[in-house]
2 protein chains.
Amino acid sequence: MAETSASTAGKPAKQDAKAKLLDAALATIRTKGYAATSLDELCAAAGVTKGAFFHHFKSKDALGVAAAEHWSETTGELFANAPYHDHPDPLERVLGYVAFRRSLLTGGIPDFTCLVGTMVQEVHETSPAIREACDRSISNHAKTLEADIEAAMAARGMKPGWSAASLALHMQAVMQGAFILAKAKGGAEVAAESVDHLARYIELLFGAKTR
Amino acid sequence: MAETSASTAGKPAKQDAKAKLLDAALATIRTKGYAATSLDELCAAAGVTKGAFFHHFKSKDALGVAAAEHWSETTGELFANAPYHDHPDPLERVLGYVAFRRSLLTGGIPDFTCLVGTMVQEVHETSPAIREACDRSISNHAKTLEADIEAAMAARGMKPGWSAASLALHMQAVMQGAFILAKAKGGAEVAAESVDHLARYIELLFGAKTR
DNA sequence: GACTACATACCGACCGGTTGGTATGTAAGC
DNA sequence: GCTTACATACCAACCGGTCGGTATGTAGTC
């Protein structure tokens, strides 16, 4: 992850433009969407030229795919290092995940909304490569929750009509929908209330007390 | 309001360009998004010319606002005439609404996904007028659920930590999020499962049996 | 009922700026 | 001296939007 900086040897800081382009892509696409983000604007935001862009990405679509993958990596790290994994009880870890996501709902709307959810809305019919990259990002993230959900089910001897995988995906659906409402209303509050409903659902599902 | 149709006489109903444009806008924007929908393409799909477009709409943004309002009207009728209102029990009406939404999840993805949810994702920071029109569409639709939710709460003497309004909005969030997952996975199944989780949540909230 | 006056509905050529993409150049490292 | 990492210059297609024009009412006047 830290190969960008000149690090140990006298290596001359490669990949500078590519990283700046990717970071600018996350910010710009989260703000105005994929189609409305022009390459000129993106390059200006990154402080590089069009030549640099097409040196690193063969097309705008390729940038979209790379941006989705970059998003997966950075958010993957964020969640991997989050404190909710420390709970000994698996249900507490699942609820801790929800609480962690709730705590992320601060700042401006482009600061907490999801890049791949935004992108896939626009390009699902027109760019299969980006659609698949977004699917991978969401699905792989959901998968990180399955083990804890299954452990919580097993601890209670539950054999319900739903699967851990479907609950993990439903949790992502609630987050994505909460982002849309936040965008519509211009604030994070409505999203936070939806996340509260999600936490309540999980508590009820597992027979925990409702607050 | 009904001056469009030729009604009684065999009059050829002049003003159909606007209606055709609006219908084409719903289909095209639901498929490729707002920004990626060009006016040339839209006019071609509607079978009218650019001149007709700018006669009826003063800008592309104005079309976006009109499309959101048109969407509100057509979906408003669809839900107003839906059978779930006939249940005598308010909770059954709320669950009937969810079941109705689930039953709508058929056909291609652009056929069942939400116009305003798609649009607001893209333009929330760049077009306040469209953002507000989308917010009105979602919020007014959610409001149609509040009375039934409140009646169901009152029937059980419930005074929970959540409001009918917030549950109604959460239901919309789940739908919108389900659409995003459907777009990412390229099929309706994942959305249907999320809607099932929503129904289960409502049953648990109101103490009904879980299936 | 013919004439004028004006409005509405629509057409399609056209405009200047922007778009994604390319071709070529160049300076630095191995 | 060849590859990598950019920069500069440029292009054709396309973008949203304008504009002059026409065909078809419609209402009032005599």
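As a basis for the values below, the full set of heavy atoms in this structure was taken, side chains included, without hydrogen atoms, waters or symmetry mates. The chains referred to below are lettered A, B, ... by the order of the sequence lines, with proteins before strands, and numbering in each begins at 1. Note that the structure is a prediction, hence the values are computed from the model and not measured.
Summarising the geometry, the separation between CZ on B:F54 and P on C:dC15 is reported as 17 Å, rounded to the nearest angstrom. One atom, CZ of B:F57, and another, P of D:dG16, lie 15 Å apart when rounded to the nearest Å. Atoms NZ (B:K18) and C1' (C:dT8) sit 13 Å apart, rounded to a whole Å. A straight line from CZ of A:F53 to P of D:dT8 spans 18 Å, rounded to a whole angstrom. Following rounding to the nearest Å, A:L63 (CG) and C:dT19 (P) show an atom-to-atom distance of 15 Å. As a whole-Å value, the separation of B:L39 CG from C:dT18 C1' is 15 Å. When the C1' atom of D:dT18 is taken as reference, atom NZ of B:K58 falls 15 Å away, rounded to whole Å. Atom-to-atom, CG of A:D61 to C1' of C:dT19 comes out at 14 Å; the value is rounded to the nearest Å.
Within the 4.0 Å cut-off from OP1 or OP2 of D:dT8, not a single side-chain nitrogen or oxygen of A:T49 is found. Considering only side-chain N and O atoms, A:H55 lies nowhere under 4.0 angstrom from the phosphate OP1 or OP2 of D:dC6. Contact annotation: A:H56 does not reach the phosphate of D:dA5 (side-chain N/O to OP1 or OP2, under 4.0 Å).
Checked against C:dG20, C:dC11, D:dG16, the side chain of B:A52 finds its nearest nucleotide in C:dC11. When the nucleotides C:dC10, D:dC6, C:dT19 are ranked by their closest atom to the side chain of A:D40, C:dT19 comes out on top. Distance from the side chain of A:S59 is smallest to C:dG21 among D:dT18, C:dT19, C:dG21. When distances run from any side-chain atom of A:K50 to the nucleotides D:dT18, C:dC10, C:dT22, the shortest one goes to C:dT22. Side-chain proximity of A:K60 to C:dG21, C:dC10, D:dT8: nearest is C:dG21. In this structure, the nucleotide among C:dG21, D:dC15, C:dC10 sitting nearest to the side chain of B:A17 is C:dC10.
When atom types are taken as modelled, the side chain of A:Q176 and the backbone of B:I180 share no donor-acceptor pair closer than 3.5 angstrom.
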- Item | side-chain hydrogen bond (donor to acceptor under 3.5 Å, both in side chains) assessment of B:S139 paired with A:K185 | CA-CA 9 Å; B:S139 299; A:K185 297 209 164 287; 2.6 Å; yes
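Counted by atom type alone, A:R93 and A:Y97 present zero donor-acceptor pairs between their side chains at under 3.5 Å. Judged by distance alone, the side chains of A:H70 and A:D23 do bring a donor and an acceptor atom under 3.5 Å apart.
Rounded to the nearest 0.5 angstrom, A:K32 NZ and B:E125 CD are separated by 10.5 Å.
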